Colleague: 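Got a structure for you, questions after.
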Amino acid sequence: MSKNVEAILTRYQHRRERLIDMLLAIQDADGYISDSSVHVLANGLNLSPLDVRETLSFYHFLHDEPAGEHKIYLADTVIARMNGYEDVREALEKATGCEFGSVSANGRFGLYDTHCIGLSDQEPAMLVDGIPFTRLTPDKARTLIAALNAGVSPASLANPKGLAADSLAYIEELVESNIRQSGPVFFSDAIDVDTVIRDVVTQLPAEIIDATSTSKLRGRGGAGFSAGLKWRLCYDAVGSEKYVICNADEGEPGTFKDRVILTHAPEQVFAGMIIGGYATGAKEGIIYLRYEYRFLVEYLEKTLQSLRERNLLGKAIGGNTGFDFDIRIQLGAGAYICGDESALIESCEGKRGTPRVKPPFPVHQGYLGCPTAVNNVETLANVTRIFEKGARWYEAMGTSESAGTRLISVSGDVDKAGIYEIEWGISLKDVLETVGARNPRVVQVSGPSGECVSAAKDGNRVFSYKDLSCNGSLMVFSYERNLLDIVRQFIHFFMEESCGICVPCRAGNVELHNKISLIIEGRAVEQDLDEIIAWSKIIRGASRCGLGTTSPKPILTSLSAFPEEYHKKLVTQSGPLLASFDLNEALEGYAIATEALMDDTGADQATEVSK
């Protein structure tokens with residue numbers, strides 16, 4: 001085992017920032033990351049074992065003890081629970097002989113919960129050794145486990161045709177793309193990226209930045225910051241080394257558009273990174289790919305190699321001897337918080353994905369302390385189309401403040417779940433009609449961190465940065481769904497995914513979850529609602545990153561859109577105690593302690609203590 005770790009250290013040149021790659025490689029080889037491996041890694045990287053464990057313990061898909069020959073992660077999401085999740089979960093437990101969160105007695109299976117894995121249009125879904133299985137039923141789950149028990153590999157089960165893992169056909173064999181509506185930017189006409197890049201590198205970086213600004217392209221990751229301005233700030237920043245990072249950590253529940261872009265237009269994304277590298281003066285690009293999309297790695301690596309062979313990556317790109325640039329893939333290890341650009345940078349450096357305090361901003365001090373431009377997958381794909389068609393062409397679409405188009409991932413109570421390209425300015429009502437919404441009542445725009453709106457009351461609202469600034473997820477819920485249960489699941493998601501560094505976020509989300517549970521149980525009074533609002537202000541105002549500033553939104557926006565759902569569950573307070581206070585529960589611990597004391601020291605001492 002020691003020699004194996006030493007070989008992995010050598011492969012990654014003993015670079016501390018590649019720690020996550022090393023941990024994943026060790027786990028792939030040994031099944032888990034042992035204490036002895038931690039010590040060898042620490043020595044090889046000039047770190048303490050605690051430094052290594054600090055990273056190891058942070059990520060969901062890393063294990064420091066045996067986790068099963070086959071690691072099964074079943075996605076526990078709102079959408080999955082609408083489509084038979086509980087039955088599939090039960091079938092998996094019976095078939096493997098172990099409960100979730102444990103390993104089977106024979107060591108063959110480890111069952112684990114996980115959050116959204118980017119397959120909300122085809123859930124229930126799970127990952128088995130990193131390979132996705134979708135549209136699960138109890139029968140399908142039992143059949144899969146029986147085959148694994150018989151020695152069939154997950155790869156063979158998912159890919160019975162034996163397609164090459166670096167091919168598009170292989171990806172399509174594993175998961176559906178469900179492109180329902182393409183448009184002028186995505187999935188229609190292929191882009192001649194060779195011509196685009198060779199043309200770009202004949203211009204000045206300032207001209208590229210100006211054109212990007214002229215297009216009015218704004219970031220598609222959620223914040224909506226001007227792409228041109230970000231590149232200008234990075235270009236102007238002091239530093240000989242600069243970086244471009246593509247944020248492919250698509251973790252917002254209900255979002256899967258970036259997966260489909262990387263499947264059907266990877267060159268369009270990589271070309272956007274190359275253009276960004278030229279504009280900012282960067283020589284290296286990193287695509288941070290969430291672990292859940294690990295099945296895309298070989299396909300993406302093949303795409304990168306093709307670009308190198310065509311002189312579009314590497315040295316003297318496009319014949320410009322002053323422009324060298326290459327891209328590497330950095331695999332994540334399971335942490336929603338790494339969608340935050342500064343947390344993502346920390347993860348790229350092999351550390352915990354803890355958001356940084358800003359300023360300084362990444363454009364001034366990012367990866368390895370150098371100026372860094374972080375852009376979303378969809379943003380970079382837009383860039384390539386802009387430099388094919390022209391900035392004015394792009395700027396002419398959409399609205400005055402929201403140029404271009406927008407990709408949305410649609411799931412829930414709809415006839416046609418999948419990917420839609422819409423033009424900014426379209427109404428919610430028109431989108432719901434397009435996707436075949438079934439008896440829609442509630443629409444969750446931009447995932448849990450976005451806005452809960454009413455299909456009936458808000459149908460005339462439009463998608464734009466001034467109104468519904470959708471970051472890619474659209475979940476539709478019919479009148480048959482329990483809104484408060486959905487809200488509670490969203491709050492639970494934030495509670496689990498908080499990095500824990502900010503007390504208001506770490507503790508506040510737990511309290512919000514407790515409050516929404518009290519409301520659902522019919523044990524809350526008006527004061528509880530008042531406290532939710534007061535605590536939400538503290539959480540949003542005192543958290544250092546986007547998770548904390550948005551985590552109360554599932555309650556706040558649903559309370560605004562559907563106040564009757566909350567108020568009908570409230571009870572009237574009688575007496576000095578809140579309805580939520582359970583005297584028997586409060587005294588339960590005392591009773592247990594007293595009983596234990598009597599068993600250990602006798603009734604006389606217990607009586608004395610009670611006095």
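Please read all numbers here as calculations on a predicted model, not as lab measurements.
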Colleague: Does either side chain, that of Glu378 or that of Asn376, offer a donor lying less than 3.5 Å from an acceptor on the other one?
Modeller: no
Colleague: Below 4.0 angstrom, N of the basic side chain to O of the carboxylate: do Arg180 and Asp121 qualify?
Modeller: no
Colleague: Looking at Glu173, I'd like to know if its CD atom is crowded, meaning that more than 12 non-hydrogen atoms belonging to other residues, nucleotides or ligands lie closer than 6.0 Å.
Modeller: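 Result for CD/Glu173: enclosed.
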Colleague: What pairs with Asp76 under salt bridge (charged side-chain N to carboxylate O under 4.0 Å, His left out), at least two apart in sequence or on another chain?
Modeller: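 By the salt bridge (charged side-chain N to carboxylate O under 4.0 Å, His left out) rule, Asp76 matches Arg81.
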Colleague: Contact between Glu451 and Leu468 at the side-chain level, heavy atoms closer than 4.5 Å - yes or no?
Modeller: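 Heavy-atom side-chain distance check passes, below 4.5 Å.
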Colleague: Taking ring pair (Phe, Tyr, Trp, His ring centres under 6.0 Å) as the test, write out the residues that go with His63, two or more places apart.
Modeller: Tyr112
Colleague: Answer yes or no: is there a side-chain heavy-atom contact under 4.5 Å between Glu123 and Thr134?
Modeller: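 Not in contact.
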Colleague: May I ask you to establish whether Arg481 and Phe477 are in a cation-pi arrangement, using a distance under 6.0 Å from NZ or CZ to the six-membered ring centre and at most 45° from the ring axis?
Modeller: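 Ring-cation test returns no.
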Colleague: Given Arg11 and Asp21, is the salt bridge (Lys or Arg N to Asp or Glu O under 4.0 Å) satisfied, shown in steps?
Modeller: CA-CA 10 Å; Arg11 184 197 314 170; Asp21 297 290; over 6 Å; no
Colleague: How about Pro554 and Val487: do any of their side-chain heavy atoms sit closer than 4.5 Å?
Modeller: yes
Colleague: Do Lys351 and Ile345 touch side chain to side chain, with heavy atoms closer than 4.5 Å?
Modeller: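 No - every pair of side-chain heavy atoms lies 4.5 Å or more apart.
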Colleague: Are the aromatic rings of His60 and Tyr73 close, with centres under 6.0 Å apart?
Modeller: yes
Colleague: Start with the C-alpha distance between Lys302 and Glu298, add both sets of side-chain angles, then the distance that settles salt bridge (Lys or Arg N to Asp or Glu O under 4.0 Å), and finish with yes or no.
Modeller: CA-CA 6 Å; Lys302 182 180 179 182; Glu298 290 187 55; over 6 Å; no
Colleague: Does the side-chain hydrogen bond (donor to acceptor under 3.5 Å, both in side chains) test come out yes or no for Tyr299 and Thr263, once each step is laid out?
Modeller: CA-CA 8 Å; Tyr299 172 62; Thr263 298; over 6 Å; no
